[in-house]
Structures are given as C-alpha cells and as structure tokens.
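Report on one structure; see the data block that follows.
All heavy atoms count here, side chains included; hydrogens, waters and symmetry mates do not.
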Amino acid sequence: MFARVLVANRGEIALRVLRACKDLQIATVAVYSEADRDAPWLALADDAHLLGPAAPAESYLAIERVLKVAADAGADAIHPGYGFLSENADFARAVSDAGLGWVGPPSEAIVAMGDKLSARAHAQAAGCPLVPGTMEPTDDPEVVAAFADEYGFPVVIKAAYGGGGRGLKVVRAPGELAEALAAAQREAVASFGRGEVYVERYLTRPRHIEIQVLADTHGGVVHLGERDCSTQRRHQKLIEEAPAPGLDPDVRAAMGDAAVRVSREVGYTGAGTCEFLYEDGGFFFLEMNTRLQVEHPVTELVSGVDLVHWQLRIAAGERLPFTQDEVVLRGHAIEARVNAEDCGRGFAPTPGRITRWRPPSGPGVRVDAGAAEGWAIPRDYDSMIAKVIAYGADRDEARGKLARALEEFVIEGVPTTIDFHRLAVAHPDFVAGRVSTVSVEREWDLSELPAAEPAEPGSGPVEPTRTLTVEVGGKRLEVALFEPDAAPARGAKRERRGGGRASGGGPATENLVAPMQGTIVKTALDEGANVAAGELVLVLEAMKMENHINAHRDGVVTALHVAAGDVVNAGDALATISSEGDGDGDPLGRDEDVDR
Ligand code: MV4
C-alpha cells in the first residue's frame, strides 16, 4: 500500500479522501490555493502545501505545480478526487511517468471515454444499448434532417466533447433544425474548442440512472448496482439515491452487465460510473465518468463497500476480494447536495461567511462537508459545501431520515439549497419515486422558495478565536492564538421576503430577475407587449450557454430594463411584468408547459 498520498482537490471530497487514507494508515499531503488558506479540511492532512502563485481558479489545475509538491513532500501516489484534474489523461500519464501511483483509471481509458462519440463506439463494441443516433460527427443539416425523417422528432444535437448541457440542442420541428445545428456548433467551439456535433433521438421524460463499477488490475470487474440521479436542475444534480425506485431487478442486472462489459472493453480499472437514460423499461448508454463521483456515498451505504478504500487498494495492485455474486445490496440511501445558493433567485451561487453551522447526525445520517462555522466560502469554486446522506431499511425510512436531517441542519450566513430539499423530499412526485430529469425544471412549483435577504451592511463576519494558519516556506503550520475576541458573531436574518406577494396566489413580484450573471443576447418582446407565463422574454448568455428567460407570470411588459449586449448580475431586474387590469392578479399556472 502507498505510504503517503497527495490529495489534489478541495472541499468535501478532499476531506473524504483524507479520511480514507487515515483509515488505511496512509499519511497525507493536502494542497490548497490562496483562496483556501484557512479551509477546514486542511487540518486533517498531515501536511498542507500552497499551490501558488496561480490564481485560485487555476491552482488545482496546475499539473507541474502539483507534481512538484508531490516530489517535495515525498508522496508516492496522487488521488485527484472529482472535477479538476481527475479526468485529465495528460495528468494521469504525467503522474505515472513521474513514478507515482495514480488513483484512477489508465489514461487510455480516460481517452476512450473522453468524448461522446468515442464512448458510443466502445459501448456499441461491448454490445451495450445506445440511444439511436449517428456514430460520426456531422455539420450537414441534410444528415440531421434525414435522421429525423427516419426516427421522428424530437431529436437532440450534441457536442461530441460537450458536458454539463453545453452544446446540447433539442430540435422539435424541421424548421428549427439548421439554426439548432449552428447554435450547437457555436457553443461547442466556445466551450470546448471542438465543434464536432452529432444527432440522437431525444427521449422526452427519461430518468438518469447510473451504474457504479469497480475494476481491479487483475481482470476482476464488478458493479455495485445503480443510482438514480434524476432530481436535477440545469444539469446540476440535486438529489441522488440507491437503488432506483421501482427498477425491475432484471433491468438492473442487464444494466449492471452492460456497464461491466463496457468497462472491460476500455480496460478500465478503479472506480467508474456508466451513465444511462432510462425510459419505459428501456435503458440506453450515455457516457462513462472515469472518476469517483459526488454521489458515491449512496452506493457505499447500500453495498457496504468503501469506494475510496478500494480505489486506493486497486491503485496499489490489490485484487477485489469479492465476485459479482457476493455483492449484496441492502436498504436504501438518499443524498441531498447542500449548495451555497439562493433557491429563490434561480439557485444563484451565494458565497460568503458561514456564521452558524449545526450539521445533523444520529442513526442513518451521514454528512460529508467541506465547510465549518466561521469559514468564508470562496467565490472561486463550485458552490457545493456539504452532502447529507440518509440510510434506511427501505425508501420511506431513508426519506424520513433525510427529512429529519434537513430539519436539523442549521446553516446561517449564506442561503443554501436546504430550502429546496425540504420541499423536494415532501413533493408527491418524489414521495412516489416518479421523478424524471425534467421534473424540477418543468413540473415542480418552486415559487414558494424564499429569496434570501441581502446581508445587512455592517453585519460583517466576525472571526472566532481560533488557531492561526501560517505559511513557512510555502508549508502550512498552525499556531494557537489566545486573544480577546471581537464582537460575537450574529446570525444572518433569513426571513421570507414579504412584500409584493399577490393575493391571487401566483408569482407575486412583478420583476423578472436574472437567474445568473451573464450577457443579454437578445430581447424577444417590446415594452407594452402582453405576455403569458412561460413565453420567451429574452436570451441570456452565461458561461457560454444561451439561456431562454421566460416570463414568470402573465401580464404586460411595463418596463424592459435591459437591451442586447448588457451585462447583468444574478438577481438584477430584467423586465417588469405587471398584471393586466387592477389589483386582483389572476391565479396563474406555473405548471403550464413552458417553452424549452
Ligand atoms: C439526452 C436526453 C434525452 N435524449 N439524450 C444531458 C447532458 C448529457 N450528459 C446528456 N443529456 C441528455 N441527453 C437523449 N437522446 C436528455 C439529457 C438530459 C439529461 C440527462 C441526464 C441527466 C440530466 C439531464 C437533464 C436534461 C437533459
């Protein structure tokens, strides 16, 4: 086994890997950016090294710097966590070339699964069902039209190198085809520097079900069942669970078999995940994630297998000690991702200082968190700060425990997605296990989720008395300080916004607000126009994706506050939509099918 592992990541996953190393009596080296100087997880590492002088956003991507720290600190292996360098084949190769253990799959397997068309080809070779679609890239509208003729609308155009929904365009009618193809290519080039796109039949209400695989370097490959990750919004997963509610055991076995065959086909080793779409009893391979995933704990809870232990053991050459027949899945686990985001403002990220932190615990509750009271969440990274995972003998018990844990969890200073989760675990669709990938965005009414009050000026963060972190020659040390404290920390006010709620029961505020920071591409309506809820008002480009911003209510556009080219921040008013006539605003249908 390795003697000293460098953890090339941050947040809850850095902590997760540090804990696994401690369990296995492996010494640890953490790395951190300037923005993470006083991050809480660093205290668990034996050593912590600054990844300067790169900007915080790039620090954890600096291959040469990470390798230098590994050499200086005497690490003999690197665990990349998820995100950052975890699926970078060049990094995997460089780690191995430096004579270090790489806690991940071979770089060849990362490359094989690195783009959707290559992944489809390998899945096809493994005899794994694929969504009907082309196997080659195309830039020809005629090819897309011919495909749609054969399979019918809707179809979806996908960027081969895409991810996170970028370069993904659904086409519902022949007239939209050429424009969608061009838009997908533009987005693909802007986001990934590669414009290859291809076309698939579009499944309109699929569930996202993925299979966890573990493969050793001696030919042992098993799967540990599935996770259902359908509860998502804008390609961000919110809730994941294992097993998938109501999945037929024969379908589970067939999906597991398919995932194992695909893994063998690409010479996979370590922990990996095959993603499938599932609709009407059928399943279709989408892609393989060649890393540990955020939602791995639900599989750990139902399988009793510590995935990070096995990543480390497999990387060190150990054999899996069990066969597929010996895998026993038992009970049910559900994970809720806690993000520092304002659910009442389109889930906009809300970095800031955590003034109060009281995580839940008790039987059946696990919390994996990279946050602590008094810590300021930096704005440079992903907004996920914790995961709450509940385990029960069956789904209802797990759901009850998750609901209890979410009630217990107190976080003040920043708004979080806990508000959403409290609504979600009680939603009839979730209770019934009927959630698809479109439920949250298109079917659920989130209008009751409160927007956070802006922080009061002057109620700024207060430092608790604590140890001081210093750097000596780029190495982190802790010095205990005992000094009189400043004023006590004040809990941030988290009241529901009262004003402006219409008596009619529909969305009350007149202002249509920007769900995220971005640039206005175009406006679709003029002042004075009548609009129906769900109708396109404008297009906002953010992070290289074009987002259709639709009317949040019926009414008249009494003011348009932006024009094409304007840059807006999350929460900015884009348009004012007032109800027609006086006063008694109509009760209106948020549930009506919105245009997307
Ligand atoms: C699809 C699909 C429906 N039909 N492909 C979105 C991102 C990318 N990983 C694959 N995605 C989808 N591909 C076909 N042929 C629906 C989605 C999709 C989705 C998939 C998994 C999880 C969440 C999703 C949200 C929206 C769309």
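Within the structure, salt bridge (Lys or Arg N to Asp or Glu O under 4.0 Å) contacts touching residues 46-64 (residues at least two apart or in different chains) are Arg4-Asp47, Asp47-Lys475. Among residue pairs with one or both ends in residues 315-328, those qualifying as salt bridge (Lys or Arg N to Asp or Glu O under 4.0 Å) are Arg313-Glu318; sequence neighbours excluded. Evaluation of the salt bridge (Lys or Arg N to Asp or Glu O under 4.0 Å) test over residues 380-390, restricted to residues two or more places apart or in two chains, returns Glu12-Lys387.
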Solution key, residues 333-341 side-chain donor-acceptor pairs under 3.5 Å, sequence neighbours excluded:
{"from": "Arg337", "atom 1": "NE", "to": "Glu240", "atom 2": "OE2", "distance (Å)": "2.6"}
{"from": "Arg337", "atom 1": "NH2", "to": "Glu240", "atom 2": "OE2", "distance (Å)": "2.8"}
{"from": "Arg337", "atom 1": "NH2", "to": "Glu295", "atom 2": "OE1", "distance (Å)": "3.0"}
{"from": "Asn339", "atom 1": "ND2", "to": "Glu341", "atom 2": "OE2", "distance (Å)": "3.3"}
{"from": "Glu341", "atom 1": "OE2", "to": "Ser383", "atom 2": "OG", "distance (Å)": "2.6"}

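Across every non-hydrogen atom of Asp36 and Leu42, the tightest pair is O-CD1, 3.3 Å. The nearest pair of heavy atoms linking Val567 to Gln517 is CG1-NE2, 3.8 Å. Nearest heavy atom pair, residue Asp216 against residue Leu320, reads OD2-N, 2.8 Å. Closest approach of Val103 to Ala315, counting heavy atoms only: CA-CB, 3.9 Å. Here the closest non-hydrogen pair linking Gly346 and Arg233 is O-NH2, 3.5 Å. Taking all atoms of both residues into account, the shortest heavy-atom contact from Ser107 to Ala89 is CB-O, 3.6 Å.
By the 4.0 Å N-to-carboxylate-O rule, Arg291 lies close enough to Glu87 to be salt-bridged with it. Comment: Glu187 does not engage Arg166 in a salt bridge, judged by the lack of any side-chain N to carboxylate O separation of less than 4.0 angstrom. Between Lys158 and Glu196 there is no salt bridge, since none of the side-chain N atoms of the basic residue sits less than 4.0 Å from a carboxylate O of the acidic one. The pair Glu210-Lys237 counts as a salt bridge, with a side-chain nitrogen and a carboxylate oxygen less than 4.0 angstrom apart. We find that Arg356 and Glu373 are not joined by a salt bridge, their nearest charged nitrogen and carboxylate oxygen being 4.0 Å or further apart. Taking the charged nitrogens against the carboxylate oxygens, Arg252 and Glu226 do have a contact shorter than 4.0 Å, which makes a salt bridge. Using a 4.0 Å cut-off between charged nitrogen and carboxylate oxygen, Asp72 and Lys68 count as a salt-bridge pair.
Within the 4.5 Å cutoff, no side-chain heavy atoms of Leu477 are placed close to those of Thr469. In this structure, Tyr161 and Pro137 have side chains that are not in contact, with every pair of non-hydrogen atoms separated by 4.5 Å or more. Side-chain contact check for Met135 versus Gln124: some heavy-atom pair is nearer than 4.5 Å. When side chains are defined from C-beta on, Ile26 counts as touching Met1, because their heavy atoms get closer than 4.5 Å. Side-chain contact between Pro349 and Arg379: absent, with no pair of heavy atoms (C-beta onward) separated by less than 4.5 Å. Counting heavy atoms from C-beta on, the side chains of Leu224 and Leu214 come closer than 4.5 Å. The shortest distance between side-chain heavy atoms of Lys401 and Tyr391 does not fall below 4.5 Å. Within the 4.5 Å cutoff, no side-chain heavy atoms of Met384 are placed close to those of Gln236.
No side-chain donor from either of His296 and Gln212 sits under 3.5 Å from a side-chain acceptor of the other. A donor-acceptor pair shorter than 3.5 Å can be found between the side chains of His309 and Asp23. Judged purely by distance below 3.5 Å, without hydrogens or angles, the side chains of Glu541 and Asn547 never pair a donor atom with an acceptor atom.
With values rounded to the nearest 0.5 angstrom, Glu265 atom CD is found 10.5 Å from Cys128 atom SG. The line from CD1 of Ile314 to OG1 of Thr269 is 7.5 Å long, rounded to the nearest 0.5 Å. From Lys116, atom NZ reaches atom CE of Met288 across 15.0 Å, with rounding to the nearest 0.5 Å. Taking OG1 from Thr217 and OH from Tyr268, the interatomic distance works out to 13.5 Å, rounded to the nearest 0.5 Å. Taking CG of Asn9 as the reference point, atom OH of Tyr82 lies at 7.0 Å (rounded to 0.5 Å). For the atom pair Asp342 CG and Asp419 CG, the distance stands at 8.5 Å (nearest 0.5 Å).
Within a 6.0 Å radius of CD in Glu408, more than 12 heavy atoms belonging to other residues, nucleotides or ligands are found. Annotation: Arg358, atom CZ; neighbour count of heavy atoms from other residues, nucleotides and ligands within 6.0 Å is above 12.
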_Working for ring pair (Phe, Tyr, Trp, His ring centres under 6.0 Å), residues Tyr60 and Phe84_ = CA-CA 6 Å; Tyr60 297 96; Phe84 296 120; 5.2 Å; yes
*Check against side chain to side chain contact (heavy atoms under 4.5 Å, CB included), Arg227 and Ile209*: CA-CA 6 Å; Arg227 298 183 285 259; Ile209 300 183; over 6 Å; no
*Worked check of side chain to side chain contact (heavy atoms under 4.5 Å, CB included) between Arg37 and Tyr32*: CA-CA 7 Å; Arg37 277 220 163 88; Tyr32 62 98; 4.2 Å; yes
*Going through the checks in order, is the side chain to side chain contact (heavy atoms under 4.5 Å, CB included) test met by Val470 and Arg476?*
CA-CA 6 Å; Val470 299; Arg476 181 177 174 279; over 6 Å; no
*Start with the C-alpha gap between His49 and Glu471, add the side-chain angles, then the distance that decides, and say whether side chain to side chain contact (heavy atoms under 4.5 Å, CB included) holds.*
CA-CA 9 Å; His49 290 258; Glu471 275 162 21; over 6 Å; no
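Ring centroid separation for the pair Phe91 and Trp102 comes in under the 6.0 Å cut-off. Phe276 and Phe283 have their aromatic ring centers within a separation under 6.0 angstrom.
His79 places no side-chain N or O within donor-acceptor distance of the main-chain N or O of Val308, the cut-off being under 3.5 Å. Not a single donor-acceptor pair under 3.5 Å links the side chain of Arg194 to the backbone N or O of Ala159. No donor-acceptor distance shorter than 3.5 angstrom exists from the side chain of Ser118 to the backbone of Gly114, with no hydrogens or angles considered.
Annotation: side-chain contact (heavy atoms from CB on, under 4.5 Å) contacts of Ala43 (sequence neighbours excluded): Glu478. Among residues two or more places apart in sequence or in another chain, the side-chain contact (heavy atoms from CB on, under 4.5 Å) test is passed with Asp257 by Arg261.
For the pair Arg120 and Phe285, the cation does not sit on the ring face, since its NZ or CZ is not both under 6.0 Å from the ring centre and inside 45° of the axis.
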